[in-house]
Number of protein chains: 2
Amino acid sequence: MFMPTIKDVARLAEVSTATVSRVLNGNGYVHSETKERVAEAIKQLNYRPNDVARILFKGRSKMIALFVPDIMNPYFPELARAVEDMTNQHGFTFVLCNTDDDLNKEITYLEALKQKSLDGIIVVSSTMTEEYIQNIDVPVIALDRILHRSMASVTVNNREGSRQAVQYLKDLGCQRIAHISGPEQASNANQRLEGYLDVVKEESWFKKSYIEPGEYHFEEAKKATERLLTRHPEIDGLFVANDLMGVGAIKAAEALGIKIPDQLSVIAFDGITLGETTTPTLTTMAQPIYKIGARAAELLIQQIENQYHEAQSEEFTVELVERDSTRRKEDHP
Amino acid sequence: MFMPTIKDVARLAEVSTATVSRVLNGNGYVHSETKERVAEAIKQLNYRPNDVARILFKGRSKMIALFVPDIMNPYFPELARAVEDMTNQHGFTFVLCNTDDDLNKEITYLEALKQKSLDGIIVVSSTMTEEYIQNIDVPVIALDRILHRSMASVTVNNREGSRQAVQYLKDLGCQRIAHISGPEQASNANQRLEGYLDVVKEESWFKKSYIEPGEYHFEEAKKATERLLTRHPEIDGLFVANDLMGVGAIKAAEALGIKIPDQLSVIAFDGITLGETTTPTLTTMAQPIYKIGARAAELLIQQIENQYHEAQSEEFTVELVERDSTRRKEDHP
DNA sequence: CTGAAAGCGCTAACAC
DNA sequence: GTGTTAGCGCTTTCAG
């Protein structure tokens, strides 16, 4: 199939390619009559400029990437959705890369994209080393998890939000509150753990073994919860570091015949739609997922378009969403 | 930051750029000694060829796109995951585009990608018109849904699988079986509806109003199920056109106080992981999701690399996965 | 206001 | 075996 080039347009409009380029980009002065002729030729040939040639010349691709550790965790499609919308809105192309939180995959993607003149990158990662971050010569924004102090990021108040979650369980009357934690390399998992500890570590009943690692994975969390509740049947409140694991925890309790919320109150973190589909529905500290994704994209694009301005870090606030996995203990003595 | 070009390498190795290009691509003859020198220079400068220049020259980008109608339906991340893996494995770049099943978004994406010398495209769509498909001048493979007879596709045996699902409900002893259907523009939704009809349309009890549209959306399906079960309390079996809606149906029944599977058996279609997280877990006709995604990518890449061979359509088989949302009626009289 | 020409980084004839 | 050169499609000085 014939793909017209700028030369074809120039020939048809009887002008030079420079003039065509000028009307294409709205640069420089072009007599309105010639502009018309060019526009006419463009329409007639159904001409579209070749982006690749433009990118080669400019050295910039109008393309940004989002690295996510686990596309199967519904949190990330929701986030990706936001980034994509904002990206398109600004005329950029959006590339989604699933890294499995594997540094090798991250590096491979990074190299491949650099060779394509990628303009910027939004990263959700726990594994990227400081060294690699320094080497990336395009603007980077960390999302959801902090990678390094020096790097702009968009996150939520993980520690404070977690404190609120655990406090909420206490206020409900829970006497023994345990925690299913995320991977320790993930900054947000650590912050959520800290928030939990802030509230419980001075309690006389608190034990280290009330913390079980769930790696932000459904199956892992299911197993962790099973271990936890078997070993510690006295647990009556559970704070789970994310919703995906929260659902796993619910399934595990169910399998053990433990009634939620009657015998055990469960609260998680994230606020993904999945939490509304379980039985019981999952109480959670909800992030403004769409907002933080959109904001990260916005900041990145700002930083790309206006080289001077260093992006600032921003922190959003989570909000308690009460659903059916938690209940006041007095209600059912 | 300094990005070395092929010229820098040539200068350092004291050869011409052509020679560098030859060792880069393994083309033509290069004396092993000079090859060494060039390799050394490449390493020393940490040189990586600029893909954009290559793409401009070749007119091909080694990039393929996957269009999905709804990134928030977990079926699509699972599919995307497969396409991505296969794509990377073949050294292609993968771009995921969320279209909301909106023809305008599809067209916008298509135009943008064409300008970037996109090599091929995998499409899950119900809205693309035949006219547009003909206009796409790169290889296209339809996935999950058929768009046009003339177009290669990778799908599953929707009609036969649906028949099996409904027959399974009958075998369980269900007397009144209803259907929550997908959008009528989607070919697979139609086939699933046909499969349902194949089994029930001759039944004396069958009524048109046993079919409610759920549009492949969670909320929509919830409402549809509520309407259906309120109007027809005699329903004791429900075949839902996909798992996402199946979960909605379970929630709706729950809200109405209808016990699953005691009073109502529910079976859906797709086999996404989400179906394992609900209570009760969801019986389903499982697609080999990863396989069909990977296969579609494989076929597309074959077609791209070997211009002659027209891709064939392929149909995979779904498989009954019995979980807790269905039960033999005699078990609990 | 418009055109000629150089060049973004790379590859592929075509010479030698 | 290796170098020279044209050119992929576009933008942008620089002249005029």
Side-chain angles (χ1 to χ4, degrees), chain A residues 1-39 41-42 45-63 111-119 137, chain B residues 1-39 41-42 45-63 111-119 137:
Chain A
M1 192 203 175
F2 172 64
M3 278 282 237
T5 75
I6 198 170
K7 274 189 194 161
D8 301 309
V9 177
R11 193 157 20 209
L12 184 60
E14 298 180 292
V15 295
S16 75
T17 60
T19 300
V20 177
S21 175
R22 281 192 270 261
V23 339
L24 238 37
N25 298 289
N27 291 338
Y29 296 82
V30 182
H31 194 90
S32 65
E33 247 176 53
T34 45
K35 199 184 291 186
E36 298 266 304
R37 273 215 320 286
V38 171
I42 288 175
L45 293 170
N46 190 27
Y47 166 76
R48 298 266 172 280
N50 179 325
D51 258 344
V52 181
R54 284 180 154 173
I55 294 168
L56 178 60
F57 183 87
K58 297 236 185 194
R60 321 206 304 96
S61 62
K62 298 218 86 178
M63 178 165 70
E111 290 295 335
L113 290 169
K114 264 193 194 172
Q115 290 172 231
K116 293 198 149 61
S117 305
L118 184 78
D119 283 346
D137 51 348
Chain B
M1 192 202 175
F2 172 63
M3 279 281 235
T5 74
I6 198 168
K7 274 190 193 160
D8 301 310
V9 177
R11 194 158 18 207
L12 183 59
E14 298 180 292
V15 294
S16 74
T17 60
T19 301
V20 178
S21 175
R22 281 192 272 259
V23 340
L24 238 36
N25 298 290
N27 290 339
Y29 296 81
V30 182
H31 193 89
S32 64
E33 246 174 54
T34 45
K35 199 185 291 187
E36 297 266 305
R37 273 216 318 286
V38 171
I42 288 175
L45 293 170
N46 190 27
Y47 166 77
R48 299 266 171 279
N50 178 327
D51 258 344
V52 181
R54 285 180 153 173
I55 295 167
L56 177 60
F57 182 86
K58 297 235 186 194
R60 321 205 303 96
S61 62
K62 298 218 86 177
M63 179 165 70
E111 290 294 336
L113 290 169
K114 263 193 193 172
Q115 290 173 228
K116 292 197 148 61
S117 305
L118 184 79
D119 283 346
D137 50 348

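Hydrogens, waters and symmetry mates play no part in the numbers below; they use all other heavy atoms, side chains included. So you know, we letter chains A, B, ... as the sequences are listed, proteins then strands, and number each from 1.
- Side-chain contact between B/Arg22 and B/Val38: absent, with no pair of heavy atoms (C-beta onward) separated by less than 4.5 Å.
- Atom pair B/Glu36:CD and D/dG1:P shows a separation of 15 Å (rounding to whole Å applied).
- Side chain of B/Ser61 to main chain of B/Ser117: a donor-acceptor pair is present (N/O by atom type, distance under 3.5 Å, no hydrogens or angles).
- At most 12 non-hydrogen atoms from other residues, nucleotides or ligands lie less than 6.0 angstrom from CD of B/Glu33.
- Evaluation of the side chain to side chain contact (heavy atoms under 4.5 Å, CB included) rule for A/Lys7 yields A/Thr5, A/Arg11, A/Thr17 as partners, not counting sequence neighbours.
- With contacts defined as side-chain heavy-atom distances shorter than 4.5 Å, the pair B/Tyr47/B/Leu24 qualifies.
- Summarising the geometry of A/Lys116 relative to B/Asp51, their closest heavy-atom pair is NZ-OD2, 3.4 Å, with the distance given to 0.1 Å.
- Overall, the helix from C/dC1-D/dG16 to C/dC16-D/dG1 carries an axis bend of 50° between its ends, with five pairs at each end and the value rounded to 10°.
- Every residue two or more places apart in sequence or in another chain was checked for a side chain to side chain contact (heavy atoms under 4.5 Å, CB included) with A/Tyr29, and none qualifies.
- B/Asn25 is linked by a side chain to side chain contact (heavy atoms under 4.5 Å, CB included) to B/Ser21, B/Asn27, B/Arg54, counting only residues two or more places apart in sequence or in another chain.
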Exercise for review: Produce a footprint string for nucleotides 9-16 of chain D: one letter per nucleotide, 5' end first; B if the base is under 4.0 Å from any protein heavy atom, S if only the sugar-phosphate is, - if neither.
Suggested key: BSBB----
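- Rounding to the nearest 0.5 angstrom, the gap separating the CG atom in A/Leu113 from the CG atom in A/Asp119 is 11.0 Å.
- For DNA chain C, the span of nucleotides reached by chain A at under 4.0 Å from its heavy atoms goes, 5' to 3', from C/dC1 to C/dG9.
- Taking both residues in full, the closest heavy atoms of B/Glu14 and B/Arg37 are given as O-NH2, 3.6 Å, listed atom of the first, atom of the second, then distance.
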